[in-house]
Amino acid sequence: MDVLVYGATGAIGSAAVQLVKSMGATVTAVCATAHLELVEGLGADRAVDYTAGDFTRDDQRYDVVFDAHGTPSYFRCRRLLKPGGRFTSAGPGPHYVNAVLPLLGPLLGDKRVVFSIPGIDRAMVEHLATLMEEGRFTPLVDRTYPLEDIVAAYRYAESGEKLGNVVISVAPSS
């Protein structure tokens with residue numbers, strides 16, 4: 001299976017690259033120039049620099065295009081899909097189009113939009129723990145802030161400069 005992850009250096013995207021790779025997929029990660037080595041270190045087989053050109057003009061085709069950033073629309077990414085391919089997004093996309101398109105499935109032909117909310121259960125947590133123990137999944141942490149600096153942490157997370165996750169450290173109560 002060939003999977004493209006757009007937004008591969010964010011909290012969701014960096015996790016997606018690792019998790020999809022652990023499932024045996026060939027992963028192409030889309031990120032900025034400065035982060036090409038980072039996504040390869042996360043397990044991406046190939047990295048595409050969106051600052052060097054339009055990533056939707058890539059010659060390769062994918063079974064799944066996963067938009068971890070929530071910005072490009074299905075219509076912009078459709079040409080990247082193989083016949084029967086699926087587009088999914090962590091966000092609603094421009095004008096909420098990615099959230100509405102799953103309802104129009106048959107009208108889109110064989111390339112569809114899937115918008116799902118993942119469930120978290122004991123089996124999922126155990127699977128993630130196993131991947132972490134095996135070194136096949138490591139959450140990407142940019143910075144850690146103490147709870148009293150949560151406003152600064154939020155501002156940094158919203159700045160567009162973060163990679164992966166911003167962690168809030170909560171000291172145990174005494």
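A quick note: this is a predicted structure, and the numbers were derived from the prediction, not measured.
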Non-hydrogen atoms of [X] and [Y] that approach each other most closely:
| X | Y | value |
| --- | --- | --- |
| L131 | L19 | CD1-CD2, 3.6 Å |
| G7 | A68 | O-CB, 3.9 Å |
| A153 | I168 | CB-CD1, 3.5 Å |
| L36 | A47 | CD2-CB, 3.6 Å |
| F66 | A16 | CE2-CB, 3.6 Å |
| R61 | R79 | NE-O, 2.8 Å |

Nearest 0.5 Å, please: how far is [atom2] in [Y] from [atom1] in [X]?
| X | Y | atom1 | atom2 | answer |
| --- | --- | --- | --- | --- |
| R155 | E161 | CZ | CD | 14.0 Å |
| R46 | L4 | CZ | CG | 8.0 Å |
| R76 | T56 | CZ | OG1 | 5.0 Å |
| M23 | H127 | CE | NE2 | 7.5 Å |

Any donor-acceptor N or O pair under 3.5 Å, side chains [X], [Y]:
| X | Y | answer |
| --- | --- | --- |
| T9 | S14 | no |
| D67 | Y74 | no |
| D45 | T26 | no |
| D58 | Y62 | yes |

Donor-acceptor under 3.5 Å (N165 side chain, L140 main chain): yes
Backbone of M124 reached by a side-chain donor or acceptor of D121 within 3.5 Å: yes
Partner residues of F55 under the ring pair (Phe, Tyr, Trp, His ring centres under 6.0 Å) criterion, sequence neighbours left out: Y6
Atom CD of E148: over 12 foreign heavy atoms under 6.0 Å: yes
CD1 (I120) with more than 12 external heavy atoms under 6.0 Å: no
Criterion side-chain contact (heavy atoms from CB on, under 4.5 Å) against Y145, the qualifying member of V166, V151, I150: V166
R78 to F87, cation-pi by 6.0 Å centre distance and 45° axis angle: no
Any side-chain heavy-atom pair of V65 and L81 under 4.5 Å: yes
